[in-house]
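Numbering of residues begins at 1 and proceeds along the displayed sequence. Only this structure's heavy atoms are used, side chains among them; waters, hydrogens and symmetry mates stay out.
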Amino acid sequence: MKPLETEVSIPLQPPGAGAAPGPNGQPRDYVLWSLFNVLLGHALLYLGCLCFPALVFSIKARDCKVLGDLEGARRHSARAKLFNIIASVLVTITAVTLIIVIIILNTSYE
């Protein structure tokens with residue numbers, strides 16, 4: 001008597017792997033974007049303190065990724081992305097406002 005053969009499929013990705021994966025299915029940590037926001041925010045009217053939480057969550061995401069905690073890395077990565085978007089908007093608004101003020105001041109002295 002022959003044994004009954006059945007097909008077995010094994011999922012290769014863990015559950016929740018669709019949340020902003022980077023290369024090799026790893027979540028992104030956004031450290032470079034956060035560092036850019038902190039440095040540029042500090043250069044423009046000392047907004048670096050408002051951009052700092054993005055850097056903190058980016059470093060936490062990288063640490064979780066190194067330790068193998070992919071769920072924690074995804075959670076911190078999502079927060080870092082949110083804070084980076086907010087910081088980028090603040091830095092852009094500040095830069096545009098600063099340029100407009102400089103143009104107005106230069107035209108008023110002529």
Side-chain angles (χ1 to χ4, degrees):
M1 186 168 177
K2 278 182 132 178
L4 183 61
E5 293 182 19
T6 60
E7 290 187 30
V8 177
S9 66
I10 300 172
L12 298 177
Q13 292 183 345
N24 302 329
Q26 299 285 330
R28 299 181 66 179
D29 53 18
Y30 305 108
V31 172
L32 189 61
W33 187 13
S34 301
L35 189 62
F36 175 76
N37 279 335
V38 168
L39 293 177
L40 190 61
H42 187 69
L44 294 172
L45 299 174
Y46 299 104
L47 288 176
C49 60
L50 296 175
C51 304
F52 193 69
L55 184 62
V56 170
F57 282 111
S58 297
I59 292 172
K60 282 184 176 185
R62 181 168 281 187
D63 289 344
C64 286
K65 189 165 59 169
V66 168
L67 293 175
D69 180 19
L70 293 181
E71 190 58 39
R74 281 187 191 91
R75 193 172 58 248
H76 292 306
S77 175
R79 288 182 185 152
K81 184 178 179 180
L82 174 69
F83 283 126
N84 272 320
I85 291 170
I86 292 170
S88 294
V89 168
L90 285 174
V91 166
T92 303
I93 289 172
T94 304
V96 169
T97 304
L98 190 64
I99 291 170
I100 290 172
V101 167
I102 289 172
I103 290 172
I104 290 173
L105 290 176
N106 281 339
T107 58
S108 67
Y109 284 125
E110 291 179 358

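In this structure, the separation between NE2 on His76 and CZ on Arg62 is 14.5 Å, given to the nearest 0.5 Å. Note that the CG atom of Leu82 and the OG atom of Ser77 stand 11.0 Å from one another [nearest 0.5 Å]. Here the OG-CD1 distance, from Ser88 to Ile86, works out to 10.0 Å after rounding to the nearest 0.5 Å. To the nearest 0.5 angstrom, Trp33 atom CH2 is 7.0 Å from Lys81 atom NZ. The line from CG of Asn37 to CG of Leu50 is 11.0 Å long, rounded to the nearest 0.5 Å. A distance of 14.0 Å separates CZ in Arg74 from CZ in Arg28, rounded to the nearest 0.5 Å.
A pairwise comparison of heavy atoms in Val38 and Cys51 identifies CG2-O, 3.5 Å as the closest pair. Ala73 approaches Cys64 most closely through the heavy-atom pair N-CB, 3.6 Å. For the residue pair Leu55 and Val31, the shortest heavy atom distance occurs at CD1-O, 4.3 Å. Looking at every heavy atom in both residues, Ala80 comes nearest to Ala54 through CB-O, 3.9 Å.
Under a hydrophobic-cluster definition in which Ile, Leu, Val, Met, Phe, Trp and Tyr are linked whenever side-chain heavy atoms come within less than 4.5 Å, directly or via other members, Ile102 and Val91 are assigned to the same cluster. Under the 4.5 Å side-chain heavy-atom criterion for ILVMFWY residues, no single connected hydrophobic cluster contains both Val56 and Leu32. No continuous path of ILVMFWY side-chain contacts below 4.5 Å connects Phe52 to Ile93, so the two sit in separate hydrophobic clusters. The cluster map of Ile, Leu, Val, Met, Phe, Trp and Tyr, joined by side-chain heavy atoms under 4.5 Å apart, puts Ile85 and Tyr30 in the same cluster. Residues Val101 and Leu40 do not share a hydrophobic cluster, clusters being chains of Ile/Leu/Val/Met/Phe/Trp/Tyr side chains in contact below 4.5 Å.
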